[in-house]
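Have a look at the structure below, then the notes.
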There are 2 protein chains.
Amino acid sequence: MKTTLGTVRDEDFLRLDHQICFSLHAATRAFNGVYRGALKELGLTYPQYLVMLVLWEHGELPVKKIGEHLRLDSGTLSPLLKRLEAAGYVERRRSAEDERSVTARATDAGTELRERALGVPRRIALATGLSLEEIRDLREQLAALSARLDAVDPDLLEGTCATD
Amino acid sequence: MKTTLGTVRDEDFLRLDHQICFSLHAATRAFNGVYRGALKELGLTYPQYLVMLVLWEHGELPVKKIGEHLRLDSGTLSPLLKRLEAAGYVERRRSAEDERSVTARATDAGTELRERALGVPRRIALATGLSLEEIRDLREQLAALSARLDAVDPDLLEGTCATD
DNA sequence: CACGATTCAGTTGTGCACAACTCAATCGCG
DNA sequence: CGCGATTGAGTTGTGCACAACTGAATCGTG
């Protein structure tokens with residue numbers, strides 16, 4: 001049976017909330033820390049690693065497309081890609097068809113990096129102590145949650161009450 | 001039946017990994033966005049809101065203790081508390097017993113803020129589309145995950161292989 | 001009591017996330 | 001074709017996270 005939200009007092013909600021929002025926040029930072037350790041030897045940060053994963057999987061891509069895969073905008077990606085380029089892992093060039101667009105792709109060094117990164121996910125999975133099924137379930141729950149949160153109408157959140 | 005990690009190829013892991021680490025990352029940012037909308041009218045960021053939750057629940061606390069509740073260090077909390085102080089929601093003062101320590105507590109304005117924040121968690125919960133049971137389950141999964149990740153021996157992550 | 005080790009808050013520097021903006025290239029409609 | 005609207009990358013400014021550090025207060029052991 002599902003407990004409807006209406007049966008809970010605001011006071012209790014404030015504590016529950018403290019726990020759900022915070023546990024997600026904490027889990028993300030804990031993951032970040034574990035990745036930081038695993039990626040140190042590759043000279044990548046965690047977001048840089050995500051970008052490399054996208055490029056390894058899809059080849060050359062416009063900044064826009066990378067942003068769609070990772071839900072990041074140019075304000076985050078432009079400097080990040082510049083750092084990857086400075087590290088020698090990525091090449092950028094203006095598209096010939098559309099001069100507004102800039103595409104990025106892994107250099108030879110960036111492609112070699114993939115071999116050295118192959119062992120990372122397994123070590124992370126070991127660190128979580130989860131089975132593959134648990135990992136998959138959690139991933140699906142989180143993906144569904146993200147989708148719902150991204151679809152929320154901003155106005156729903158602003159009114160001081162209005163939810164009656 | 002649990003699938004052991006050993007039965008999966010590194011290649012497949014690299015894609016699975018892309019999904020689990022990323023889904024958590026995305027969910028956190030989606031949550032952040034939803035909170036941003038809900039907290040805008042209170043003039044708080046999401047981490048500032050977390051600090052206020054801790055202070056509302058525990059009263060006056062040393063910076064160190066706030067950091068333990070939120071798993072944040074002084075490098076993050078010091079400037080954050082300064083901003084909360086500038087906004088008039090928090091007071092800081094050096095402890096009399098231990099001159100090294102600085103305690104923070106909500107001002108009158110900070111305490112009044114709690115009333116205005118009472119409606120926030122319910123709106124967030126509505127936005128997730130989850131029942132209370134689902135929220136609790138997810139919270140527990142994430143808390144357990146954080147605990148395991150925080151306990152990981154850093155050396156386990158560094159060796160190029162060493163996990164045989 | 002004295003002095004080295006530890007603890008605590010704060011600072012500095014780097015990188016990510018995002019809002020708000022600029023500017024050029026492209027699109028689309030009259 | 002011409003011109004306003006849109007799209008794409010990039011910049012700027014603010015705030016968070018964290019490593020590495022400083023400096024002061026406290027602790028512990030001889």
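Worth saying up front: this structure is predicted, and the values here are computed from it rather than measured. Sequence lines set the chain letters: A, B, ... in the order given, protein chains first and strands last, and positions in each chain run from 1.
- Taking atom CG on B/Leu80 and atom C1' on C/dG10, their separation rounds to 14 Å, with Å as the unit.
- Atom NZ in B/Lys64 sits about 14 Å away from atom C1' in D/dT26, given to the nearest Å.
- Between A/Glu91 atom CD and A/Leu84 atom CG the span is 12.5 Å, to the nearest 0.5 Å.
- Heavy-atom nearest nucleotides on DNA chain D were determined for A/Ala30 and for A/Ser101, and the one closer to the 5' end corresponds to A/Ser101.
- To the nearest angstrom, C1' of D/dA17 lies 12 Å from CG of B/Asn32.
- One interatomic measurement links the two molecules: CG of A/Leu72 to P of D/dA9, which rounds to 13 Å at whole-angstrom precision.
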Quiz item: Should A/Tyr35 and B/Asp17 be marked as a side-chain hydrogen bond (donor to acceptor under 3.5 Å, both in side chains) after you check the CA-CA gap, both sets of side-chain angles, and the distance that decides it?
Solution: CA-CA 11 Å; A/Tyr35 271 102; B/Asp17 169 76; 2.4 Å; yes
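- In this model, the phosphate group of D/dA9 is not approached by any side-chain N or O of A/Arg94 to a distance below 4.0 Å at OP1 or OP2.
- In this structure, A/Thr45 reaches the sugar-phosphate backbone alone: every heavy-atom distance under 4.0 Å involves primed, P, OP1 or OP2 atoms, never a base.
- Taking atom NZ of residue B/Lys40 and atom P of nucleotide C/dA19, one finds them 10 Å apart after rounding to whole Å.
- Using a cutoff of 4.0 Å between basic side-chain nitrogens and carboxylate oxygens, B/Glu133 and B/Arg136 are not scored as salt-bridged.
- Defined by atom type and a distance below 3.5 Å, a donor-acceptor pair is missing between the side-chain atoms of B/Ser101 and B/Ser95.
- For the residue pair A/Thr103 / A/Glu60, a side-chain donor-acceptor distance below 3.5 Å is found, with atom types taken as modelled.
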Quiz prompt | Per-nucleotide protein contact string for nucleotides 20-25 of chain C (B base, S sugar-phosphate only, - none; heavy atom under 4.0 Å) | solution = -----B
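- The distance between atom CZ of B/Arg36 and atom C1' of C/dA17, rounded to the nearest whole Å, is 7 Å.
- When each of B/Met52, B/Lys82, B/Gln48 is tested with B/Val90 by the rule side chain to side chain contact (heavy atoms under 4.5 Å, CB included), just one qualifies, namely B/Met52.
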Quiz prompt | Pair A/His69-B/Phe22, ring pair (Phe, Tyr, Trp, His ring centres under 6.0 Å): steps then yes or no | solution = CA-CA 10 Å; A/His69 281 292; B/Phe22 171 64; 9.0 Å; no
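- Between A/Lys82 and the phosphate of D/dT11, there is a side-chain N or O to OP1/OP2 separation shorter than 4.0 Å.
- If A/Ala96 and A/Pro47 are placed on DNA chain C by their nearest nucleotide, the residue sitting closer to the 5' end is A/Pro47.
- Per the geometry, CZ belonging to B/Arg92 stands 17 Å off P belonging to C/dC8, to the nearest Å.
- In this entry the distance linking CG of A/Leu44 with C1' of C/dT14 reads 15 Å, nearest Å.
- Note on A/Leu77: nothing from the nucleic acid sits closer than 4.0 angstrom, heavy atoms only.
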